[in-house]
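Hydrogens, waters and symmetry mates play no part in the numbers below; they use all other heavy atoms, side chains included.
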Amino acid sequence: MAKKQSWGRVIAEELASVRSGRRDLRKFGITMCVAIAVLGALFLWRGKGDPAWFFGIAAAFLVLGLAVPTVLRPVQKAWMAFAIVLGWFMTRVILIIVFYVGVTSVAVIARIVRKRFLDLGFEPDRDSYWIERPKPADGRERYRSQF
């Protein structure tokens, strides 16, 4: 029986596998700069809020990412921990939606039209449940066109 892992251990293992060298931290800083600047531009375009805060934070990420990327390590670890937890929840949400929208709706429609995908009924009077298949034709043509 598989041993259940605690949340903290799972997050710690995932975070341990996240690369955080200078090059990775530099990429993180630049990526965060671009993402936050796009948010600031969106707020500026919509005329809502104060986009100067977004552009200031974006500039800070850019400067730190290019000049001293190791300063961004705790921010990257916190961001990745958030991403791991969010990914865990979103995976379950997506699977639930797929199941209830896809599988359940097919099952409900099949019941309405009385379609049975498997012959699971037991008939005590029946001699055999074996289904005879037609014997395939012999010859080379069968091997050349298998499907």
Side-chain angles (χ1 to χ4, degrees), residues 1-124 126 128-136 142-147:
M1 187 169 178
K3 184 179 176 185
K4 277 188 120 174
Q5 290 185 335
S6 69
W7 263 95
R9 183 175 292 162
V10 172
I11 292 174
E13 287 175 5
E14 290 280 336
L15 281 176
S17 68
V18 172
R19 295 187 315 213
S20 48
R22 288 183 62 84
R23 185 175 181 186
D24 300 310
L25 291 171
R26 184 169 287 127
K27 284 182 188 178
F28 173 74
I30 293 170
T31 303
M32 290 299 287
C33 168
V34 170
I36 294 171
V38 166
L39 277 174
L42 184 65
F43 274 82
L44 182 66
W45 179 58
R46 292 285 202 168
K48 295 185 179 187
D50 189 12
W53 282 95
F54 288 103
F55 293 124
I57 294 171
F61 268 107
L62 182 64
V63 169
L64 290 174
L66 294 176
V68 279
T70 54
V71 173
L72 294 176
R73 184 171 284 126
V75 177
Q76 183 209 27
K77 292 292 184 181
W79 184 259
M80 293 309 293
F82 172 71
I84 290 167
V85 171
L86 185 65
W88 187 88
F89 279 107
M90 289 309 297
T91 300
R92 271 88 184 147
V93 167
I94 291 169
L95 286 173
I96 288 169
I97 290 170
V98 166
F99 179 78
Y100 283 108
V101 170
V103 176
T104 305
S105 62
V106 168
V108 167
I109 292 170
R111 282 194 177 198
I112 290 171
V113 298
R114 297 179 188 229
K115 169 72 176 159
R116 296 188 65 177
F117 296 108
L118 296 174
D119 187 19
L120 296 177
F122 179 71
E123 299 172 21
R126 200 167 174 180
S128 172
Y129 288 98
W130 186 266
I131 299 173
E132 289 289 333
R133 303 281 183 216
K135 188 172 183 176
R142 175 178 171 219
Y143 294 105
R144 289 183 192 197
S145 176
Q146 295 182 15
F147 303 103

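With rounding to the nearest 0.5 Å, the separation of CG in Asp50 from CG in Leu44 is 10.0 Å. Atom CG of Leu42 and atom NZ of Lys48 lie 9.5 Å apart (nearest 0.5 Å).
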What donor-acceptor contacts under 3.5 angstrom involve side-chain atoms of residues 22-34, with partners at least two apart or in another chain?
unit_1: Asp24; atom_1: OD2; unit_2: Gly21; atom_2: N; d: 3.4
unit_1: Arg26; atom_1: NE; unit_2: Gly65; atom_2: O; d: 3.4
unit_1: Thr31; atom_1: OG1; unit_2: Lys27; atom_2: O; d: 2.7

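Identified under the ring-ring contact (aromatic ring centres under 6.0 Å, His included) test for residues 94-118, with sequence neighbours left out: none. Residue pairs meeting the ring-ring contact (aromatic ring centres under 6.0 Å, His included) criterion with at least one member in residues 46-70, sequence neighbours excluded, are Phe43-Phe54.
Remark: the backbone N or O of Gly102 is paired with a side-chain donor or acceptor of Ser105 at under 3.5 angstrom. When atom types are taken as modelled, the side chain of Gln76 and the backbone of Arg19 share a donor-acceptor pair closer than 3.5 angstrom. Side chain of Tyr129 to main chain of Phe122: no donor-acceptor pair is present (N/O by atom type, distance under 3.5 Å, no hydrogens or angles).
Arg133 pairs by the side-chain contact (heavy atoms from CB on, under 4.5 Å) definition with Ile131, not counting sequence neighbours. With sequence neighbours excluded, the residues forming a side-chain contact (heavy atoms from CB on, under 4.5 Å) with Glu132 are Trp130, listed by chain and number. With sequence neighbours excluded, the residues forming a side-chain contact (heavy atoms from CB on, under 4.5 Å) with Val68 are Leu64, Val71, listed by chain and number.
Crowding of Arg92 atom CZ: a count of heavy atoms from other residues, nucleotides or ligands under 6.0 Å exceeding 12. When the shell of 6.0 Å around CZ of Arg126 is examined, it contains more than 12 heavy atoms from other residues, nucleotides or ligands.
When all heavy atoms of Ala37 and Ala58 are compared, the pair lying nearest together is N-CB, 3.8 Å.
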